[in-house]
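For clarity, every value in this text was computed on a predicted model and none was experimentally measured.
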Amino acid sequence: QVQLVESGGGLVQAGGSLRLSCAASGGTVSTYAMGWFRQAPGKEREFVSLISRSGLTTDYTDSVKGRFTISRDSAKNTVYLKMNSLKPEDTAVYYCAAGRIIATSRGAYDYWGQGTQVTVSS
């Protein structure tokens with residue numbers, strides 16, 4: 001069973017950047033589809049980005065396209081989410097997830113991290 005630990009969140013001004021990390025143990029990230037989700041206060045957890053097991057396929061929700069980039073370092077068994085041009089509406093707890101298939105739905109992912117808070121001030 002894979003364990004996921006997110007880090008890299010924090011407080012940043014609008015227009016700034018952050019890089020989130022998702023370190024895996026008990027499993028190899030290259031054998032899972034990996035996703036990032038976020039949950040803002042009072043809202044449902046929503047899809048942000050994913051990367052396939054091969055690393056050849058990535059996807060993003062429309063609101064972050066062109067600003068966020070997902071990547072993977074198999075040697076470090078870590079998945080990253082680089083976030084540029086951050087906006088106040090990006091404020092949320094960001095979660096890393098691992099699953100067997102690439103999907104934008106939460107139910108497709110079997111393993112979740114504890115989340116890391118991202119706060120973007122205006």
Report yes or no: do Leu81 and Val93 belong to one cluster of Ile/Leu/Val/Met/Phe/Trp/Tyr joined by side chain heavy-atom distances under 4.5 Å? no
Rounded to the nearest 0.5 Å, the CD1 atom of Ile51 sits from the CZ atom of Arg53 at a distance of 13.0 Å
In short, ring pair (Phe, Tyr, Trp, His ring centres under 6.0 Å) pairs touching residues 46-102 with sequence neighbours left out are Phe37-Phe47
With clusters defined by side-chain heavy atoms of hydrophobic residues (ILVMFWY) lying less than 4.5 Å apart, directly or transitively, does Val48 cluster with Val12? yes
Counting only N and O atoms by type, is there a donor-acceptor contact under 3.5 Å from the side chain of Asn77 to the main-chain atoms of Gly27? yes
Note: Ser63 and Arg38 closest approach over all heavy atoms is OG-NH2, 3.4 Å
With sequence neighbours left out, what residues match Ser17 under side chain to side chain contact (heavy atoms under 4.5 Å, CB included)? Lys82, Asn84
Measure from the side-chain N and O atoms of Glu6 to the backbone N and O of Cys22, and report whether any donor-acceptor pair falls under 3.5 Å. no
Closest approach of Ala24 to Val2 (non-hydrogen atoms, all atoms of both residues): CB-CG2, 4.0 Å
Please report the closest heavy-atom contact between Thr57 and Ser54, naming both atoms and the distance. N-OG, 4.4 Å
Distance, nearest 0.5 Å, that separates OG1 of Thr91 from CD of Gln117: 7.5 Å
Step by step, work out the side chain to side chain contact (heavy atoms under 4.5 Å, CB included) result for Met83 and Asp90. CA-CA 9 Å; Met83 306 185 296; Asp90 295 318; over 6 Å; no
Report all side-chain donor-acceptor pairs from residues 100-108 shorter than 3.5 Å, counting only partners two or more places apart or in another chain.
unit_1	atom_1	unit_2	atom_2	d
Arg100	NH1	Asp110	OD1	3.4
Arg100	NH1	Asp110	OD2	2.7

Write down the atom of Arg67, the atom of Ser85, and the distance for their closest heavy-atom approach. NH1-O, 2.9 Å
Linking I/L/V/M/F/W/Y whenever their side-chain heavy atoms sit closer than 4.5 Å, directly or via other members, would Leu50 and Met34 fall into one cluster? no
For Ala33 and Tyr109, the nearest pair of non-hydrogen atoms, with its separation, is O-CE2, 3.8 Å
Can you name the residues that form a side chain to side chain contact (heavy atoms under 4.5 Å, CB included) with Val5, not counting sequence neighbours? Gln114
Which pair of heavy atoms, one from Ser122 and one from Ala14, lies closest together, and at what distance? CA-CB, 4.4 Å
Donor-acceptor pair, distance only, cut-off 3.5 Å: does the side chain of Gln3 make one with the backbone of Gln1? yes
Does Arg72 reach the main-chain N or O of Ser52 with its side chain, forming a donor-acceptor pair under 3.5 Å? yes
So Cys96 and Trp112, do their side chains get closer than 4.5 Å, heavy atoms only? no
Taking only residues two or more places apart in sequence or in another chain, which ones pass salt bridge (charged side-chain N to carboxylate O under 4.0 Å, His left out) with Arg19? none
All pairs passing salt bridge (charged side-chain N to carboxylate O under 4.0 Å, His left out) where residues 56-65 contributes a residue, at least two apart: Asp62-Lys65
Hey, what do you get for CG (Leu20) to OG1 (Thr78), rounding to the nearest 0.5 Å? 12.5 Å
